[in-house]
Structure formats: structure tokens, C-alpha cells
Amino acid sequence: MSDSSYTDGTAAVSAISAADPIRERIAQAVSDVRSTTPLAQSFTNFVTINLVANAQLAAGGTAAMSFLPDDIVDTAKIAGSTYINVGTLLPFYKDALADIAPKLQYLGKPWVLDPVAAGIGKTRTAILQSFKTAPPTVIRGNASEIIALDAMWELGANDGAEGETTRPAGVEAVDEVEAAVDAAKRLARYLAQHAAGGKGAVAVSGASDLVTDGETVYRLPGGSAMMTKITGAGCSLGGVTATYLAVAEPLTASIAASLLYNRASEIAERESNGPGSFQVAFLDALWNVTAEQVAQSEILIG
Ligand SMILES: Nc1ncnc2c1ncn2[C@@H]1O[C@H](COP(=O)(O)OP(=O)(O)O)[C@@H](O)[C@H]1O
Ligand SMILES: Cc1ncsc1CCOP(=O)(O)O
Ligand SMILES: [Mg+2]
């Protein structure tokens, strides 16, 4: 159901109405996390590990960080979800992660992948390629990472797609979100077919975020450019997506997390005067934003 339609320059989009049923599911996810404090465990990079844990706590969940396969697999049995982020690598990660992903799939446990810096280095490429046969439930990355992962998994080969970018990016995006739409849809369709649980979603972050289940594309405008001035904005968004994935299906979890981040970062920008105070204000805002504020956010489909 839509209450307005227009073209944003690249795609015909409609704003969903205040009564759209997806808003109820988003509000429920935000509330359920706060009332049930689910555990989402993380195997994440050591630059931003502290912000990931703090953001999960501020959103209402609980956190546990580990790098050992037996630890991760045992914790997965009692956790609501798992988050894997390949931002910083050590030699043992290649074997550890190639071991963990199939075990999560065997156990039918949902997990979120943040393919940080996808496209750089043989070790990271080998790890990310290994996930194709035991894929995550949600992939969350910036546009360049999503484009690189789609190319790595060769998902466009059958529909004649040309590679959207050939440039390797670092941890920051060098592509616009809109350049990753087709890659995101292909990846989401692949997750729906192959991930444990039979549902998947892909979230692309940037100036205006995009989330898709492979069929519908949701665009989530707003947020703050100050998010690019703290390290771990994207990593912690992946962690909070895992927190929501502990209580909601992949599409709702991904949209809820991105909307929470947009509303919280807008508040933090108003209440801070530089990156340091912004990060503090952002954690406070994650805690204080209401489920209704998140669920009544502007959401465009198309
Ligand atoms: N220019 C921007 N304007 C508003 N929000 C932004 C902007 N750039 C990034 N963000 C927000 O910052 C968070 C992290 O996104 P991004 O910077 O794309 O991830 P990463 O750190 O993985 O590259 C997301 O919530 C996203 O919406
Ligand atoms: C700087 C850096 N280097 C390796 S991982 C990492 C953090 C990336 O964080 P984000 O993707 O959230 O910007
Ligand atoms: Mg990132």
C-alpha cells in the first residue's frame, strides 16, 4: 500500500503508508529485543569489537565475542544468532571460518555476514568464497562490498550482468548504494534458496540505505554523514542486525536495524560537536529511540 509515488532519479519508488503491516513487524522486533535481551554472538574484527558489543547492548540485546570454532559453535546453540565480520584477519581465520559456517548451517542457526573489504587479499577472498556453500541468513555491507561479493560468488553470470565495479575498495565504499541494487537482489535470492531457514536479506548501507529480500527493494533515507567519521558504524550495524535477527525474520531484522541506526544517528548529530561526542550520543540514542519512532520512519519501495 503506498501513499505517494515519485522518481528519485534512479528508480521509481513509492513511500509505504503509516498503516503498512511491515511497520508493526518492525516495532515488534524493536520491542522484543528490549524485553527479551537476546544474545547475538560475534566473530568480529578487533578494531571495532567494543563498539559492536556496546551497540548491541544499547539496542537492548546482549553480546559475546569469540574467535574459536568450538566456542562459536557451542555458543550458537544457545544464542539467537551469530555475527561474522572479516574486517581484520589472522592466519587461522581461514580454517576457522570455513569450519564454522557449515556447522551453523547444519545446526540451522541464523547468522549475519559483514564482508568488510571484500575483494582485497587472497585470504579474505578464500574465506568469503567458502561461505557460498554454507551461506549466511543476512549479508550487510557497504555498496562496494556487496558488489564485490556478488562478483566473487559469480551470481550475475547467468543473467548476463556486467560487473558493476572492478575497483577493489578498502573498508570504505567507493560505490554509491544504487550501484549495488542488482548485486544485492541476486545475493538475497541466493540466500533465500540456500541459507538455513529458507529466507534471506541483503542490506546495503550508505547515504540512503537499501534492504532487499531479492523481490522487494526497500530504501531507507536519512541518518547522518557523521557515521562515516567514527570507525565501526557499519560493523556495529551488522552486530545490531544480528541482535534483531535473534527475534525476527531476516527482512524485518535488517530494516529495523537500519532504521534504528538512521534515527539514532540523526539525534546524535544534533546533540554532539565532533566524532568523539557523536559516538557517545549515538549509543545513548540507540538506547532512547522508541519502537514507534523506528517503525514510523520513511520507507520507500520500488
Ligand atoms: N552519507 C551518509 N549519510 C547518512 N548516513 C550514512 C552516510 N554514510 C553512511 N551512513 C550510515 O552509516 C552507517 C554505516 O554505513 P557505511 O558507512 O556505509 O558502512 P561501512 O562503515 O561498513 O562502510 C549506516 O547506518 C549508514 O546508513
Ligand atoms: C578500520 C578497519 N580496518 C579493518 S576493519 C576496520 C573497521 C571497519 O569498520 P566499518 O566497516 O564499520 O567502517
Ligand atoms: Mg564496513
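In this text the structure is predicted, and so the values were computed from the model without any measurement. In this chain, residues are counted from 1 in sequence order. Whatever order the structure lists ligands and atoms in, that order sets their numbers, starting from 1.
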(request) Would you list the pairs meeting salt bridge (Lys or Arg N to Asp or Glu O under 4.0 Å) in which at least one residue belongs to residues 85-99, sequence neighbours left out? (result) Asp99-Lys103
(message) With rounding to the nearest 0.5 angstrom, report the CD to OG1 distance, Gln279 to Thr231.
(response) 9.0 Å
(request) Considering only NZ, NE, NH1 and NH2 on the basic side and carboxylate oxygens on the acidic side, decide whether Arg219 and Glu178 come within less than 4.0 Å. (result) yes
(message) Just to be sure I understand the cut-off, which residues have at least one non-hydrogen atom under 4.0 angstrom from an atom of ligand 1?
(response) Arg140, Asn142, Val171, Ser205, Gly206, Ala207, Asp209, Gly222, Gly223, Ser224, Ala225, Met227, Thr228, Ala233, Gly234, Leu237, Tyr261, Asn262
(message) Can you tell me how far apart OG (Ser277) and CD (Glu271) are? Round to the nearest 0.5 Å.
(response) 10.5 Å
(message) So Ser265 and Glu269, do their side chains get closer than 4.5 Å, heavy atoms only?
(response) no
(message) Would you say the ring centers of Tyr93 and Phe43 fall short of 6.0 Å from each other?
(response) yes
(message) Run the side chain to side chain donor-acceptor pair (under 3.5 Å) test against Ser208 and tell me which residues pass, sequence neighbours left out.
(response) none
(request) Could you walk me through whether Phe131 and Leu97 pass the side chain to side chain contact (heavy atoms under 4.5 Å, CB included) test, one step at a time? (result) CA-CA 9 Å; Phe131 292 150; Leu97 288 170; 3.9 Å; yes
Give every pair formed by an N or O atom of ligand 2 and a protein N or O atom closer than 3.5 Å, one pair per line with both atom names and the distance to 0.1 Å, or write none.
unit_1   : atom_1 : unit_2 : atom_2 : d
ligand 2 : 12 (O) : Gly232 : N      : 3.4
ligand 2 : 12 (O) : Ala233 : N      : 3.4
ligand 2 : 12 (O) : Gly234 : N      : 3.0
ligand 2 : 12 (O) : Cys235 : N      : 2.8

(message) Using ring pair (Phe, Tyr, Trp, His ring centres under 6.0 Å), reason through Tyr83 and Trp111 one step at a time and then give a plain yes or no.
(response) CA-CA 6 Å; Tyr83 174 49; Trp111 62 286; 9.6 Å; no
